[in-house]
A.B. asks: 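For reference, the structure I am asking about is given below.
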Amino acid sequence: MTQADVYDPAEVESRWQRRWDEDRHYDADVREDRPKHYALTMLPYPSGDLHIGHWYAMVPSDARARFMRLRGYNVMFPMGFDAFGLPAENAAIKRNLHPRDWTRANIERMRGQLRRMGAMFDWRREVITCEPAFYRWSQWIFLRFLERGLAYRKAAPVDFCPSCNTTLAREQVQGEDRHCERCDTPVEKRHLEQWFFRTTEYAEELLEYPSLDWPERVKTLQRNWIGRSTGAQVVFRTEAGDAIEVFTTRPDTLWGATFMVLAPEHPLVERLTTPDRRSEVEAYVAQAARQSDVVRETAEREKTGVFTGGHVVNPVNGERIPVWIADYVLMTYGTGAIMAVPAHDQRDFEFARRYGIEIRVVIQDEGGERPSASALEAALPHAGTMVNSGPLSGTPADQAVGRTVEYLEARNLGRAAVGYRLRDWLISRQRYWGTPIPVVHCGACGVVPVPDAELPVLLPDDVEWRPTGESPLKLHPTWKHTACPGCGGDAERESDTMDTFMCSSLYHLRYLNPRAEVPVDPREYDYWMPVDTYTGGIEHATMHLIYTRFFHKACRDIGITRGPEPMIQLRNQGIILGEDSEKMSKSRGNVDAPDALVDSYGADTVRAYLMFFARWDQGGPWSSQGVEGTARWLRRVFALLTDPGRIAGDGGTPGEGAERELRRATHQVLERVTRDFESFEFNTVISALMELLNEMYRLAPSCDTGGAAWQECVDIYLRMLAPVAPHLAEELWSRLEKPYSVHVQAWPEVDAAAAAEDEITLVVQVNGKLRDRIRVPAGIDREAARERALASEAVGRFVSGKAVRKVIFVPGRLVNIVV
RNA sequence: GCCCGGGUGGCGGAAUGGUAGACGCGGGCGACUUAAAAUCGCCUGGCCGCUGGCCGUGCAGGUUCGAGUCCUGCCCCGGGCACCA
């Protein structure tokens, strides 16, 4: 190593990337003799440019995967493109480019950008979701779901985004103003025939996380979303004998029910309405139908409704109570009917007050006076003792729910029941650029599945781009006409396509073998699944991550996956905001691309900087301010390891003390780096490596850089550096003539003896305040420590003349003298 | 309203109940240089009567020999849910 050349990242990085490619260095194959690690990071949408957020998500995931590889695992870290979706269609309309061409060009470009990152992607496993080889299996699985009743079609009021011109799943409608997750436009309600997956069937199972290492935060978000509530279903009967079921979480207040409210859309409204009320009821129903859910589902709105003229009988006391309709009761939750207990439910209270309906108190404070209903200003809390409740009177309120359920079940009047907020997953999209739903509509046979042998149902290329607000598939002159697989007669293809969350539920299974002629390659599945570590943004907590868990379980039930869950460990990176602290978006113009940074500093520096600049789980506003620091660090690594003599000098006599110190620093840092990689604390991995380098610079002049201690330190350093700066580590490893490649070496073992301190700084406190620091032998005992502490001059100033009451000794840490 | 996450120097951040501010950015001083860059060294929470002290982790209390860390009550920022019966 004669030439003390400078670090040229561009040259080093392209050279090693070429070499790794030639060597198929990152190919991951089934190796039964080795433990596997499936590392997965959420695949990007091919928007055309890899931005800083992608790097922030992927680079630490790659470093973690590389760390696992060094720890002896056979690691698979695949990459692909979530290639269906609306932006491609928008590009088509705006620039007259076919979505396929636009998408392909973007993928080309992004592949190049991903390669520059120097990640350990196994490109043989690449998945592109808009290709028939992929979406064929979405279709195949859809058909199995259909057979199993997990996919169904129904007419329902659904959320429609007028800007995206398509329906959305409930999960894609966000916020109080109910806007579209993609474009922020407020959604509208439309009554349409749509395809759904029965996610609610799995609600209970989705609430469980059997030995999953998932962040509590994500689990909480999901539990919130699923919204389980327990109570009872109670059957009321109309005078005509019709049964009306209500769901209530407070069956104990049944005796306080003074009216019933149906959603205006409830099927029995018609039959219940008496002739004299008909015109008023019809007007209200019509008005409610016009009103959007955005308005209807807004709280703090004046509660309105009308009396139907009909009555039902309260099953527990035989009382005849009036039936109203009101738009605060929703057909989409529970049974679309409620029993109203105005004394103990704020909504019912407001309604009763407005329309002068009786309010009856059935729970009263322990020993308190019974509040008079007419004096109430708000609904009463559920605490105290039951009153006015027939057989339940006198029961403590906290036992009343259970007793009522027993009472109802014994008499066959109702039963314990569970309600969920979760809705079935609406998967139909009125868009072109998606997976065609593989069914046909036949006048004679109805909805008929496309036979497996005819899959995939291909998207036609020759469509017309007119921003009509309709899917181009619908306007295609020939595509939709086909023969019915059942009767052979004329039939029409379904022109809706699938939600792209279908693709992202399947992609990790197609990585196993993207060309498999079965949905999931069984051999690869058995070896690699489940995913060991999944990384991605928390914004997917109630969308992708719920869908993919549902999908896995549903696939298990149709026999193509096994085990309860698809992903064992989940970690979320934080969100990188723009430099203006706002969410990065093209429209705001605050999106930062890493390309320029990579040009001037190299990928390794950018990688290190992304791991260093913030806590990975928190993210924050982007700033390239500090990148110079990591660049300097890597230059210093290069300089020291390529020419240690320059720092060491030649005249110095190597000192044993310095080499002992170097070994100590090496093994202490190794311990920290190992721990921090394990727990995804990448920023402290980098600081520890910076610290060790600083120690190496400090000690180099008094070490023999040809000696064992220095060589060990360098060797360990490069193995620790390899996941962070894979190119530079490989370059230095090779220059030191170590066997190719650094990335297949073993992670070093901590030598505890070397890491141990023999002298420590003992903190001396008086009454808990820091007064002195003394250097003492590491194993010092209580007595000796106490003596040394009391001998300190600084301590003397605070202790003299006072009686020592107590001495706290924390071995290896401190002495606290209490006076 | 309910449920999460967070609040530490000028900035990003570090700290198994035990030295608050590691590491880095920025800033200052110095060395090298004709000069600049790069590089190297030192300093860098605030205050005061400055060889020594005092204060300091959103606020107010509490537990403890000792609290950024644990407990109670608040404030602020970010996110989720919300007429869900």
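In what follows, chains carry the letters A, B, and so on, assigned in the order in which the sequence lines appear, proteins first and then strands, with residues in each chain numbered from 1.
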A.B. asks: Looking at rC40(B), does its base get a donor-acceptor pair with the side chain of R636(A) below 3.5 Å?
C.D. replies: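 For R636(A), whose side chain was compared with the base of rC40(B), there is no donor-acceptor pair (under 3.5 Å).
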
A.B. asks: Is E793(A) salt-bridged to R771(A), going by a charged N under 4.0 Å from an acidic O?
C.D. replies: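 No, no charged N to carboxylate O under 4.0 Å.
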
A.B. asks: Using a cut-off of under 3.5 Å, enumerate the N/O to N/O pairs linking the protein to nucleotides 15-19 of chain B.
C.D. replies:
residue : atom : partner : partner atom : Å
rG18(B) : N2   : Q765(A) : OE1          : 3.3
rU19(B) : O2   : R773(A) : NE           : 2.4
rU19(B) : O2   : R773(A) : NH2          : 2.9

A.B. asks: Among rC23(B), rG13(B), rC25(B), which nucleotide has an atom closest to any side-chain atom of A614(A)?
C.D. replies: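 Closest of the options to the side chain of A614(A): rG13(B).
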
A.B. asks: If you take atom types as modelled and just measure distance, does the side chain of K303(A) reach the base of rC83(B) with a donor-acceptor pair under 3.5 Å?
C.D. replies: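 Indeed there is one.
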
A.B. asks: How should the glycosidic conformation of rC50(B) be described, syn or anti, under the criterion that syn lies within 90° of 0?
C.D. replies: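 Base orientation: syn.
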
A.B. asks: For the side chain of S687(A), counting heavy atoms from C-beta on, which of rA22(B), rG24(B), rA85(B) is nearest?
C.D. replies: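 Output: rA22(B).
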
A.B. asks: Within 90° of 0 counts as syn, otherwise anti: where does rG9(B) fall?
C.D. replies: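 That one's syn.
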
A.B. asks: Across the strands shown, which category fits G619(A) at heavy-atom distances under 4.0 angstrom: base, sugar-phosphate, nothing?
C.D. replies: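 Touches sugar-phosphate only.
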
A.B. asks: What nucleic acid atoms does T542(A) come within less than 4.0 Å of, heavy atoms only: base, sugar-phosphate, or nothing?
C.D. replies: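 T542(A): no heavy atom of the nucleic acid under 4.0 Å.
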
A.B. asks: Counting Watson-Crick and G-U wobble pairs with both distances under 3.5 Å, what is the dot-bracket string for RNA chain B, 5' to 3', using [ ] for crossing pairs and | for pairs to another strand?
C.D. replies: (((((((..(((.....[....)))((((((.......))))))((((...))))..(((((..]....))))))))))))....

A.B. asks: Which of the following nucleotides, rC65(B), rC84(B), rU39(B), is nearest to the side chain of R421(A)?
C.D. replies: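 Closest nucleotide among those given: rC84(B).
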
A.B. asks: Could you work out the separation of rU33(B) and rU19(B) based on their P atoms and round it to a whole Å?
C.D. replies: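 Those two atoms are separated by 45 Å.
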
A.B. asks: Please work out if W225(A) contacts a base, only the sugar-phosphate, or nothing of the nucleic acid, heavy-atom cut-off 4.0 Å.
C.D. replies: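 W225(A): backbone/sugar contact only, no base atoms under 4.0 Å.
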
A.B. asks: So N694(A), base contact, sugar-phosphate only, or nothing? Heavy-atom distance under 4.0 Å.
C.D. replies: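 Sugar-phosphate contact only - N694(A) comes under 4.0 Å of backbone atoms but never of a base.
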
A.B. asks: Start with the C-alpha gap between W324(A) and Y355(A), add the side-chain angles, then the distance that decides, and say whether ring pair (Phe, Tyr, Trp, His ring centres under 6.0 Å) holds.
C.D. replies: CA-CA 10 Å; W324(A) 289 63; Y355(A) 294 105; 4.9 Å; yes

